[in-house]
Amino acid sequence: MSKFSTRLIRWHKTNGRKDLPWQKKRTPYKVWISEIMLQQTQVSTATPYFKRFIKEFPNVKKLAETNLDHVLSHWSGLGYYARARNIYEAAKIISSKHKGKVPNSLEELISLPGIGKSTAGAILALGYKKKAAILDGNVKRVLARHRKIEGELSLPSTTKNLWQISEKLLPNDQIDVYTQSIMDLGATVCTKSNPTCEHCPVNQDCLALTQGLVETLPTKSKSKPKPIKKVFWLIPQGPEGDLLLEKRNKKGLWGGLWSFIESEEKEALEDEFHSRFKTKYLNLKRLNKVKHNFSHYKLEAIPYLAELKTQKKYKNSVWVNPKNVESLGLPTPIKRTIEQITTS
DNA sequence: CAATCGTGGAA
DNA sequence: TTTCCAAGATT
């Protein structure tokens, strides 16, 4: 039986994915952008975002020369917006300290914001064909099954163990093909549910398959119930129908994106309104409740449209035509609420 | 170490 | 309908 890596590389020639948008004219820059977009994100979701992003920011220089709002507008709807903030900050660092060239060492890559050990490994292996290990969700699942690693995935000890295995399996040649192959195997064969082990190139010595543990590995920790957060949104509307959005703090949820005035108490929201606008709204219209699931809590928002006689300028705020918000970085529930307004 | 940080699709 | 989780990093 040939080596694990040899079998994977061979399997990739006929079964691997080779036409993903970031695989065409592959460059370290494209590998970097795609790896960030694909963090905790499925290929089908990231694909249209990647195409748009590369078209707008074809290289590090273009990215470094723009502004954060512009970057966020191209990330709107993709989630985990710290990734966009970090990508922009990293681009400026690469531009100023690395002459616009994506670094090719593990230490330099990891020192950049948003790039951890796995993403750095992917950039090295796929972008520079340098021997480096990755450990994403796919690889964790493949290795946990193949080597029968029964510890909970969330435990640092398990992660450490899997890193060692991942590094030990690396081939000396065709590291780029191998890296792509093990990800493809996890994505298409060694899937979390209904894996097709009969098509697996390393099924001969897979301990999970031999011992009937494929369905139970990797071991996942039981998740806690998500709390529900209830908020009210206030949406000032000018006489022409424009809406007032305000920029959220750079840190935290939806950092740097445009959102509505928010409070957990409706009274506090009205107080906020009076202190800021020094006027009474003509009408207060309750819109449909908005439900949204985050990774760590559930949000229920009740939006109120507050019609104003005039629209003045306010700090960190912008009046926008609700039919023309494409250029703004908007969280998905905010975008949906605006659509609710335009179609009502 | 545990919590935080989005979203859409699959089951 | 609800739960789970997908090419993780940061604090």
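Scope of the values below: all heavy atoms of this structure, side chains included, with no hydrogens, waters or symmetry mates. Residue numbering restarts at 1 for every chain, and letters A, B, ... go by the order of the sequence lines. Keep in mind that what you see is a predicted model, and the values were worked out from it rather than measured.
- Taking side-chain N and O atoms only, A:Thr119 has a distance below 4.0 Å to OP1 or OP2 of C:dA9.
- Within the 4.0 angstrom heavy-atom criterion, no nucleotide atom of any strand lies near A:Trp32.
- As rounded to whole Å, 11 Å separates atom P of C:dG8 from atom CD1 of A:Ile36.
- Atom CG in A:Asn86 sits about 8 Å away from atom C1' in C:dA9, given to the nearest Å.
- Going from atom CG of A:Leu135 over to atom C1' of C:dA6 covers 14 Å, rounded to whole Å.
- In this structure, A:His296 atom NE2 and C:dC5 atom P are separated by 18 Å, rounded to whole Å.
- The aromatic rings of A:Trp233 and A:Trp254 lie tilted to each other, with the angle between the two planes from 30° to 60°.
- In this structure, A:His199 and A:Trp11 approach most closely via the heavy-atom pair O-NE1, 3.7 Å.
- Rounded to whole Å, atom P of C:dC5 lies 14 Å from atom NZ of A:Lys222.
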Can you check nucleotides 2-4 of chain C for protein contacts, nitrogen or oxygen pairs under 3.5 Å, and list what you find?
residue : atom : partner  : partner atom : Å
C:dT3   : OP2  : A:Lys298 : NZ           : 3.1
C:dC4   : OP2  : A:Ser223 : OG           : 2.8

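- Between the CD atom of A:Glu89 and the C1' atom of C:dT10 there is a distance of 15 Å, rounded to whole Å.
- Nearest heavy-atom pair across A:His74 and A:Tyr49 is O-CD2, 3.5 Å.
- A:Val139 comes within 4.0 angstrom of nothing in the nucleic acid, heavy atoms only.
- The distance from atom CG of A:Asp136 to atom C1' of C:dG8 is 9 Å, rounded to the nearest whole Å.
- A residue-by-residue look at A:Leu330 and A:Asn194 shows that A:Leu330 has its nearest nucleotide of DNA chain B further toward the 5' end.
- Contacts of A:Ser118 with the nucleic acid, taken as non-hydrogen atoms under 4.0 Å apart, involve only primed sugar atoms and P, OP1 or OP2.
- At a threshold of 4.0 angstrom between heavy atoms, the contacts of A:Thr332 are confined to the sugar-phosphate backbone, with no base atom among them.
- Ionic pairing of A:Glu167 and A:Lys117 is present here: one or more N-O contacts between side-chain nitrogen and carboxylate oxygen are shorter than 4.0 angstrom.
- Nucleic acid contact for A:Gly77: sugar-phosphate only, since backbone atoms but no base atoms lie under 4.0 Å from a heavy atom of the residue.
- Side-chain contact, A:Gln311 with A:Trp319: no donor N or O sits under 3.5 Å from an acceptor N or O.
- The outermost nucleotides of DNA chain B lying under 4.0 Å from heavy atoms of chain A, listed 5' to 3', are B:dC1 to B:dA11.
- Residue A:Leu78 is classed as a base contact, given a heavy-atom separation below 4.0 Å to a base.
- Taking both residues in full, the closest heavy atoms of A:His274 and A:Thr279 are given as CD2-O, 3.5 Å, listed atom of the first, atom of the second, then distance.
- Contact annotation for A:Pro333: backbone-only contact, meaning every heavy-atom pair under 4.0 Å involves sugar-phosphate atoms and none involves a base.
- Residues A:Tyr80 and A:Leu155 both approach DNA chain B. Their nearest nucleotides, taken by heavy-atom distance, put A:Leu155 toward the 5′ side.
- Residues satisfying the salt bridge (Lys or Arg N to Asp or Glu O under 4.0 Å) test with A:Glu215, not counting sequence neighbours, are none.
- Heavy atoms of A:Leu112 sit under 4.0 angstrom from primed sugar atoms or phosphate atoms, though from no base atom.
- Comparing A:Gln180 and A:Ile110 by the nucleotide of DNA chain C that holds the closest heavy atom to each, the one mapping nearer the 5' end is A:Gln180.
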> Does the side chain to side chain donor-acceptor pair (under 3.5 Å) test come out yes or no for A:Gln39 and A:Thr119, once each step is laid out?
Replying inline: CA-CA 9 Å; A:Gln39 288 171 2; A:Thr119 299; 3.0 Å; yes

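- Summarising the geometry, the separation between CZ on A:Arg83 and P on C:dA9 is reported as 11 Å, rounded to the nearest angstrom.
- Using a 4.0 Å heavy-atom cutoff across all strands shown, A:Arg336 reaches sugar-phosphate atoms only and no base atom.
- Linking Ile, Leu, Val, Met, Phe, Trp and Tyr residues whenever their side-chain heavy atoms come within less than 4.5 Å places A:Val231 and A:Ile341 in a single cluster.
- Nucleic acid contact for A:Gly252: sugar-phosphate only, since backbone atoms but no base atoms lie under 4.0 Å from a heavy atom of the residue.
- Looking only at atom types and distance, the side chain of A:Lys148 has a donor-acceptor partner in the side chain of A:Gln211 under 3.5 Å away.
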>> What verdict does the salt bridge (Lys or Arg N to Asp or Glu O under 4.0 Å) test give for A:Lys222 and A:Glu152, after you've listed the backbone C-alpha separation in whole Å, the side-chain angles of each residue and the deciding distance to 0.1 Å?
In response: CA-CA 10 Å; A:Lys222 46 177 177 280; A:Glu152 286 186 16; over 6 Å; no

